[in-house]
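Just so you know, these numbers use all the heavy atoms, side chains as well, and skip hydrogens, waters and symmetry mates. Letters go in sequence order (proteins before strands), and every chain restarts at 1. Quantities reported herein were computed from a predicted structural model and do not represent experimental measurements.
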Number of protein chains: 2
Amino acid sequence: MTSETRPMQADDGGLVGFHKHDHKSCVETGLKNAEARCSAEGLRLTPVRRKVLEMLLQEHRALGAYAILDRLREEGFGSQPPVAYRALDFLVENGFVHKIERLNAFVACAHPGASHSPAFMICRKCEAVAETHSATAKGVLGAAAKAAGFEIERTVVEAEGICPDCTEKAQ
Amino acid sequence: MTSETRPMQADDGGLVGFHKHDHKSCVETGLKNAEARCSAEGLRLTPVRRKVLEMLLQEHRALGAYAILDRLREEGFGSQPPVAYRALDFLVENGFVHKIERLNAFVACAHPGASHSPAFMICRKCEAVAETHSATAKGVLGAAAKAAGFEIERTVVEAEGICPDCTEKAQ
DNA sequence: GGCATATATGATATGGAATAACATGACAAG
DNA sequence: CTTGTCATGTTATTCCATATCATATATGCC
């Protein structure tokens, strides 16, 4: 479930999620980062938004909107769908959170600040989600798009499969 | 949804890649192809399944499950969600149809028979969907995955933006 | 052909995702 | 204090998806 127990692996340039790492600092710096960027850009990281981001930073997996909603209710926030969706909209719009289309669920961004077209690897067993950049993939697809006269605004790149942990355990 | 109200036009009539083409033969060959493969592989292209495939071949855009369901009802088939979903499951499983995760909707495969990890371009204005192969994108992502020890089973590659038609019309 | 088995379909019910529409609260600027 | 703006709360609805069970139909075997 959690990433705490995963074996250490070689650095691969920014992939987060299947690696052992200092998870507490991961949450802290994530929140700090968001606060910094919000105050810099005049965005308002309100209590609900902050709470949702915190929840997502605590997991390196995707959470569905209704899972988020349940926790919001427990924490005394509003308990109706729009409460969660509005917070998520804000976080996604400003790059703090990504939506995993394959799962209709959300993960905290692992490369805060970096301008990115992210790509994801989703483990279908443990539901862990790792993020990596896909500038290259966008470039390749971009060529096809250019040839067709299609103007890309956003890309969704998600790979589904088995993470290293679950591969090991299966043996 | 919106795809019901958008009239089929002779001149934009099927955008397989946003190109003009003989759309009637497009449907015919699509069906013929499916029949051939099914009889070759011992699959059963039953009336519902065939009808759903035909519907999707007639549009080069994604149809939601409930839009499909509406038309099935009109044609005298069962009118409950599982009827549509079961047919779609069969068609997707056997590569005749793809699901567009971004839209929670379905398109007929434009490269029948080819073993592919498809990639899609989705116009957010007219909802047209073009399919292209993404072997390259998979290769690039595959490198990152291999480095991480992640075993890719399936990829979702979808670009959202504006198709050539809508770009022109906007001017 | 006639029967047993597997598969496909039909219908009911339910749950989860997402948004529309409307009302309220907090707060800053004039 | 009023107005405008933004965030939040609430209700209701739409759309996507699946579990379940009953019935029908095709297929393979005798």
>> With nearest nucleotide decided by heavy atoms, which residue, B/F77 or A/N104, maps closer to the 5′ end of DNA chain C?
In response: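 In this pair, the answer is B/F77.
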> Is there a side chain to side chain contact (heavy atoms under 4.5 Å, CB included) between A/I162 and A/K125 once you walk through the steps?
Replying inline: CA-CA 7 Å; A/I162 304 287; A/K125 282 211 169 169; 3.7 Å; yes
In whole angstroms, how far is the [atom2] atom of [N] from the [atom1] atom of [X]?
X     : N      : atom1 : atom2 : value
B/L72 : C/dA8  : CG    : P     : 17 Å
B/D89 : C/dT7  : CG    : P     : 16 Å
B/R73 : C/dG10 : CZ    : P     : 12 Å
A/F90 : D/dT5  : CZ    : P     : 19 Å
B/K51 : C/dG10 : NZ    : P     : 14 Å
A/Y85 : D/dT13 : OH    : P     : 18 Å
A/K99 : C/dA18 : NZ    : C1'   : 8 Å
B/L69 : C/dG10 : CG    : P     : 11 Å

>> What contact category does B/R49 fall into here, base, sugar-phosphate, or nothing, at under 4.0 angstrom with non-hydrogen atoms?
In response: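 Sugar-phosphate: the residue B/R49, judged by heavy atoms under 4.0 Å, touches backbone atoms but no base.
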> Just checking B/R86: base, sugar-phosphate only, or nothing, at a heavy-atom cut-off of under 4.0 Å?
Replying inline: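 It contacts base atoms.
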>> Heavy-atom nearest nucleotide on DNA chain D for A/Q80 versus B/A105: which residue maps closer to 5'?
In response: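 Nearest-nucleotide comparison on DNA chain D picks A/Q80.
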Between [options], spot the one nearest the side chain of [X], thanks.
X     : options                : value
A/T46 : C/dT9, D/dA7, D/dA26   : D/dA7
A/P82 : C/dG10, D/dT18, D/dT10 : D/dT10
B/V48 : C/dT7, C/dA18, C/dT9   : C/dT9

> Less than 5.5 Å between centroids and less than 30° between ring planes, does B/Y66 satisfy that with D/dC16?
Replying inline: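 The ring of B/Y66 is stacked on D/dC16.
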> Same cluster for A/L103 and B/V156 if Ile/Leu/Val/Met/Phe/Trp/Tyr side chains link at under 4.5 Å?
Replying inline: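 Result: no, two separate clusters.
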> Run the ring-ring contact (aromatic ring centres under 6.0 Å, His included) check on B/F106 and B/H98 step by step: do they pass?
Replying inline: CA-CA 6 Å; B/F106 302 83; B/H98 299 296; over 10 Å; no
> So B/L56 and B/V107, side chain to side chain contact (heavy atoms under 4.5 Å, CB included) or not? Walk me through it.
Replying inline: CA-CA 6 Å; B/L56 289 174; B/V107 278; 5.9 Å; no
> Looking at B/E127, B/R71, B/Q58, which hits side chain to side chain contact (heavy atoms under 4.5 Å, CB included) with B/L63?
Replying inline: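 Result for side chain to side chain contact (heavy atoms under 4.5 Å, CB included) with B/L63: B/R71.
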